[in-house]
*Asks:* 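Submitted below is the structure of interest, expressed as structure tokens.
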Amino acid sequence: MTAQRTPDTDRPRTLVTVPDRAALATLGYDERRRALDTYVRQELGRLLGIDPHQVDTQAKTMNSLGVGSIAGMELQYRIESTLHVQLNLQRVLLANSAAELIDCLTHQLGPDTVNSPCGFGESV
Amino acid sequence: MNRRDLPARTGPPGPGLSAFTVSPDRVDLWLVATPDGPGAELLDGSELDEHERERATAFVRPLDALLYTTAHVALRRLLSRYTGIPARDIRFRREPCPGCGEPHGRPSLSALPPALHFSLSHSGEMALVGIAAVPLGVDVEQLPGTETVEVCSRALHQDEQKELAASEEGPARGVVFGRIWTRKEAYLKGLGTGLSRSPAADYLGADTGRHPPGWSVIDIPCGPGHAAAAAVWGPAPATIDVRRFPEAWLRPTDSGRPRPDTPPNHHEEISMQDLLLSHGAPARTTPRGTR
């Protein structure tokens with residue numbers, strides 16, 4: 001049997017639980033990061049048709065995970081609309097790992113952070 | 001431009017027209033399908049460099065790794081034929097991005113042959129290589145589903161969004177989105193900025209007269225489930241060669257199977273209805289290929 005790529009329209013539906021932004025701001029950094037790690041894994045799992053637990057957030061680039069331009073755009077917009085943050089598409093696509101995105105969101109959604117585009121290390 | 005005016009050549013290449021050469025008035029586009037079954041097992045990645053091999057093994061999904069390897073083997077073997085440089089000796093570099101200066105601009109060859117430009121794209125089960133004497137960008141995308149189109153449509157130019165919204169819902173809208181997006185990304189790759197430039201900044205919709213000046217944009221028929229386009233700097237090329245890269249050319253060259261020494265000698269008629277040229281005088285097109 002030959003492996004077939006699953007068309008985008010047929011990808012399995014991964015349950016995504018969106019964390020509450022206000023609640024995130026009340027959490028300590030580590031707990032906030034864990035919550036966002038879970039959320040980003042779910043979003044990536046949904047996009048890529050894989051189990052969230054299979055998403056390697058540390059050692060795999062976004063490209064290696066399978067995030068191309070359209071998937072990157074979808075990820076960007078889903079996160080922006082659910083968490084009310086701003087992301088830079090180019091930075092999402094070129095990220096060395098999903099952890100970079102998670103770290104940026106953790107910082108952005110803390111209690112004392114001013115909203116600005118999540119630039120993965122750019123000054124905010 | 002009236003697409004029906006574009007003649008389709010389905011006979012053998014004319015006298016003096018040679019494959020694997022770069023010509024100022026021609027663009028060569030090579031469609032590469034990922035091999036399956038025994039073909040996938042025979043895929044020869046031995047000519048890839050260390051960076052490419054690392055990237056190939058880093059993919060989480062095996063099909064992504066197969067597609068990446070297929071695309072890069074095809075690219076190296078094609079460039080080898082066009083340049084005379086052995087496939088394993090080809091060295092790539094990135095030009096500075098015109099937008100930010102970072103080294104993620106257009107790819108080019110470290111050993112610069114006179115006036116050869118190329119672009120590579122891969123998605124789903126398809127790769128596309130474009131080769132020309134002028135800067136160009138190509139893009140191929142697996143067609144997105146309804147939900148993805150709905151989420152991503154906001155990235156488009158406002159007039160593209162209107163065109164998309166006016167299209168038939170369902171898979172047909174995915175085709176429209178794919179067409180717009182591949183033109184857009186091909187253009188941005190040709191420009192050298194990639195997606196560091198906002199996708200909403202430039203119009204690449206149905207009105208070809210409003211496309212970015214100085215660029216010719218071509219929709220490329222590439223089979224079911226995918227959309228593809230090329231953007232070429234300058235006036236519309238007189239000839240657009242669209243060929244299918246034979247699977248046999250992906251295999252080890254010491255297996256007795258042919259190297260890519262000669263162009264595909266079978267001809268496949270590719271519908272002219274799907275070829276769009278912007279800013280062009282009427283062009284001859286030579287759809288050729290083999291399976």
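Every chain is numbered from 1, with letters handed out A, B, ... down the list of sequences.
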*Asks:* How about CD on Glu150(B), more than 12 heavy atoms from neighbouring residues, nucleotides or ligands closer than 6.0 Å, or not?
*Replies:* no

*Asks:* With a 4.5 angstrom heavy-atom cut-off, could you sort out which part of Ser153(B) is near chain A: side chain, backbone, both or neither?
*Replies:* neither

*Asks:* Output the residues of residues 24-32 of chain A for which the shortest heavy-atom distance to chain B is under 4.5 Å, in residue-number order; output 'none' if no such residue exists.
*Replies:* none

*Asks:* Answer yes when Arg78(A) and Glu74(A) have at least one side-chain N-carboxylate O distance shorter than 4.0 Å, and no when they do not.
*Replies:* yes

*Asks:* Is it the backbone or the side chain of Asn63(A) that comes under 4.5 Å from a heavy atom of chain B, or both, or neither?
*Replies:* both

*Asks:* Given the side-chain rings of Phe118(B) and Phe92(B), with only the six-membered ring counted for Trp, is the space between their centroids under 6.0 Å?
*Replies:* yes

*Asks:* Indicate yes or no: at least one non-hydrogen side-chain atom of Gln86(A) is less than 4.5 angstrom from one of Gln108(A).
*Replies:* no

*Asks:* Relative to chain A, which segment of Arg154(B) carries a heavy atom at a distance below 4.5 Å: side chain, backbone, both, or neither?
*Replies:* both

*Asks:* Hey, does Arg21(A) have a side-chain heavy atom less than 4.5 Å from the side chain of Leu109(A)?
*Replies:* yes

*Asks:* With salt bridge (Lys or Arg N to Asp or Glu O under 4.0 Å) as the test, pick out the partner of Glu160(B) among Arg179(B), Lys184(B), Arg183(B).
*Replies:* Lys184(B)

*Asks:* Count the heavy-atom pairs under 4.5 Å between each of Ile70(A), Leu94(A), Leu89(A) and chain B, then report the option with the highest count.
*Replies:* Ile70(A)

*Asks:* Any salt bridge between Lys162(B) and Asp159(B), counting N to O under 4.0 Å?
*Replies:* yes

*Asks:* Could you report the tightest heavy-atom contact between Leu143(B) and Gly178(B), atom names first, then the distance?
*Replies:* CD2-CA, 4.1 Å

*Asks:* Taking the inter-plane angle between the rings of Tyr187(B) and Trp215(B) on a 0 to 90° scale, is it parallel (under 30°), tilted (30 to 60°) or perpendicular (over 60°)?
*Replies:* perpendicular

*Asks:* Given that the side chain runs from C-beta out, which part of Phe177(B) has a heavy atom under 4.5 Å from chain A: side chain, backbone, both or neither?
*Replies:* side chain

*Asks:* Could you tell me whether the side chains of Ser121(B) and Asp139(B) share a donor-acceptor contact shorter than 3.5 Å?
*Replies:* yes

*Asks:* Looking only at heavy atoms, which of residues 46-58 of chain B get nearer than 4.5 Å to chain A?
*Replies:* Arg55(B), Thr57(B), Ala58(B)

*Asks:* Does one side chain, of Thr193(B) or Ser196(B), offer a donor that lies under 3.5 Å from an acceptor on the other?
*Replies:* no

*Asks:* Do we see a donor-acceptor contact under 3.5 Å between the side chains of Ser216(B) and Trp233(B)?
*Replies:* no

*Asks:* Taking Gly72(A), Ala59(A), Gly68(A), Ser69(A) one by one, which has the highest count of heavy-atom pairs under 4.5 Å against chain B?
*Replies:* Ser69(A)

